[in-house]
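So the structure is just underneath, and the comments pick up after that.
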Amino acid sequence: MVDPEPRPSAAQRLGAQETLGISTLDPGHRPPTMPPGRHVAITVRMLDGTDEVFDVSQRASGKVLFDLVCTHLNLVEGDYFGLEQYFHTVLRFVVKFFPPDHAQLLEELTRYLFALQIKHDLACGRLTCNDSSAALLVSHVIQSEIGDFEESQSRQHLLNNSYIPEQMALMDKIMEFHSKNVGQTPAESDYQLLEVARRLEMYGVRLHPAKDREGSKLSLSVSHTGVLVFQGHTKINAFNWSKVRKLSFKRKRFLIKLRPDLNSSYQDTLEFLMGSRDCCKVFWKICVEYHAFFRLFEEPKPKPKPVLFTRGSSFRFSGRTQKQVIDYVKDSEFKKIAFDRYRLGTQGHGSIFTVLTQLSLQSKHRLLFCLQRFPTDRAYFIAKELLTTERTYLKDLEVVTVSFQDAVGKDEATPEPLKSTIFSHFDPLYKFHSGFLREVEQRLALWEGRSNAHIKGDYQRIGDVMLKNLQGLKPLMAHLQKHSEALVELEKACRASRRLEVLVRDFELQKVCYIPLNVFILRPLHRLTHYKQILERLCKHYPATHVDFRDSRAALADVSEVVAQLQAGMIKMENVQKLLELKKDLIGVDNLVTPGREFIRLGCLSKLSGKGLQQRMFFLFNDVLLYTSRGMTATNQFKVHGQLPLHGMTVSVFYIVQLLIWFYSRIRCSHALSCVSGINRFLNFPESPTEDSCQEAESEDDLAASRTSLERQAPHRGNTTVHVCWHRNTTVSMVDFSVAVENQLSGNLLRKFKNSNGWQKLWVVFTNFSLFFYKTHQDDYPLASLPLLGYSVTIPTESENIHKDYVFKLHFKSHVYYFRSESEYTFERYDVFRVSPSVRNSFPLVPQLTSLDSVHFLFSTCISGTCVHRAGSMHNPGAF
């Protein structure tokens, strides 16, 4: 007789190793030694509904058993959990502390267990919410369990499993939400489930029956914010921890003593009557633990026991606080143990996972497929780059079609021609790319094996999807060609209407508009260039015999044809866009945007005047050179102090690195410019007084008048490229801007600071010479940004103890950041920093300006009508 196969434990189902795992103890420590004596078997009901038996001594404390459970699950953040009585002989492993933000849960396994707790609370009716929220929660649950939406399978799964009371009435709404979750991994579904749940009023609420002084039935609860009072399932009051002076109980009375507040109508002490003294004491202990866990920085020290008499309870919270848990997980160097998430068949109330032996044949096949590693083919990562950048691109389109339309488009000041020009051309593109993104997500889900339909056809390819959609993009060419008109129309409307100009400026100050609005308007043209580059890498990778090569090459031919048609207009509009952007940063110059004017370069130089060496920002165009200074005003704009026409200008550069500019016209003016650290001597010739003196006067009266006139102006975004160049003392050319447009990236990266050991997963967007950081790709605006102009990019050295693969280092002065990518291909793509004008590598592409570099800054570009004379040798004349 063959023995039956052993039933897998919960730890095995979660991917735990057979050896002792990682517990919530300090690194290198094992659970407390089991006390001697008779052993008993304790059954613990896990969050997935299965029972696990632990053999412990009768003399062992509850913490010993709890540590055994955490070790069994390889649970690092076990401090959020606890054990409670379930039946007479069974304990239940549950979530004990519910943090306000699930992003504070750093381990995927922890978030998975929290998701199981939310599913249990939904099923038993403890987590109440409206129908829409309930349907949305269940849609994320079934996305995690069965994968992408298929109507028949999703409906059958809902018929076989009950997740919420009255589920049948919400089945259609659940399936509608499920169809929108295509491409979500189980981990992403858990994350979204917790994101929805944490916003519900009953999230993490455990009600304790009570009565007030009038005898009205109430319920008390406790959360990270304080003590809550409910009537039914409606919160009627909350006492924040900062307002509570003392919590105590006396027999069946629970007392809340508040801090004095003249503006409050509450009594100094509030009294609630509970069912018994034991109920009162249990709730008081829960309050003490919640307060200590969320409010204290470290575990409170135990109160010394009195020798003779005791007064009051000696109960204290024992364990790590939330801050200690977060710091421990971030700073620990142990190897995180990944767990395999099985999409098993489900049964019974609450959709509890079944064991492997109860799987259907189809589920077993899906299980074996899910145990495989993600694809490692380079083509997969190229396709994933398409997916990640398409998600960012669609969010950028939403800035115009949703945010800008809501903030500006519906205002009466917005003229109808502008609405027609912008929104009528952006809306069809947004609709098209939404469908394209869904197809790419579905294909990547099949490629990774995250979909339940992975056996249908040849899915490890992306060229066919791109070919189909690029052919579908051709009818929208008319809309793409109108984007240049939209840029001009917006500028024309702002000049005609002061109110519209204010609305647009205020919109650009919003978080959602993280780059200049004009850049968003040109995004559809830039995106075509990105498609071309992606297809070029794909065709270069594929052999001619590959099944996807023909479709990829055809798609490349189509997009190349479209780009060629739009190229001339794109270059022209990029120049117009840059002139309009600079116009917002400058004051004291009229008609910056003139026909035929082309922007060439901007950067910092030092001007030698009667007051010494002064930093100035120079702007070089094909017809004029402007030099400015930044005024200490609310607008942070740059005041133009000089305009030097380039026609007829002669330039001489001497060995001692002095730059003399003679403008042969009716006047002669000269400047000595340098950025060497105080070692060069400069010559400054007196100016000849003329009618306008070349608009060069820089007296204190002029600067004071400038400040006075600007104080009343509206605020201005102070983190533009011009401001970054000013603070970092660097330079950027129009060629650099064009290269930056071509090298835009987005995706998940792990970030680490110089003095920390933990890595933080972020959604990162690289554009406009900056990194923008998000929690997830679904966020509407970035949490922070990092301008990269002046930064250097290198590989960490051995002395920095970064023992990880695919890590690059960004540093500027004392600022150091480490970023870790998921694959070699992604690492190589972010190595575009080495050829980007925004950052420097070990052989600086954008070095700190020296005197010679300053000269070359101005004259490395051919200037019509300019003659350059060099006396003596020049060091590294090709630095730029």
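Only this structure's heavy atoms are used, side chains among them; waters, hydrogens and symmetry mates stay out.
Remark: the backbone N or O of Arg461 is not paired with any side-chain donor or acceptor of Asp548 at under 3.5 angstrom. Although no hydrogens or angles enter the test, the distance criterion places no donor-acceptor pair under 3.5 Å between the side chain of Asp558 and the main chain of Ala555.
Between Glu441 and Arg438 no salt bridge is recorded (no basic side-chain N to carboxylate O distance below 4.0 Å). The pair Arg495-Glu501 does not count as a salt bridge, with every side-chain nitrogen at least 4.0 angstrom from each carboxylate oxygen. Taking 4.0 Å as the cut-off between side-chain N and carboxylate O, Glu176 and Lys173 do not count as a salt-bridged pair. Between Arg378 and Glu824 no salt bridge is recorded (no basic side-chain N to carboxylate O distance below 4.0 Å). Using a cutoff of 4.0 Å between basic side-chain nitrogens and carboxylate oxygens, Lys395 and Asp780 are scored as salt-bridged. Using a 4.0 Å cut-off between charged nitrogen and carboxylate oxygen, Asp172 and Arg155 count as a salt-bridge pair. Checked for salt-bridge contact, Arg443 and Glu439 miss the test: no charged N lies under 4.0 Å from a carboxylate O.
Heavy-atom minimum distance, Glu188 versus Gly183: OE1-O, 3.8 Å.
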Inset, instruction - Please test Phe520 against Phe404 for ring-ring contact (aromatic ring centres under 6.0 Å, His included), starting from the C-alpha separation and ending with a verdict. - result: CA-CA 11 Å; Phe520 286 112; Phe404 182 71; 9.9 Å; no

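Between Tyr774 and Tyr514, the ring-plane angle classifies as perpendicular under the 30° and 60° cut-offs.
A cation-pi contact, defined as under 6.0 Å to the ring centre and within 45° of the axis, links Arg597 to Phe621.
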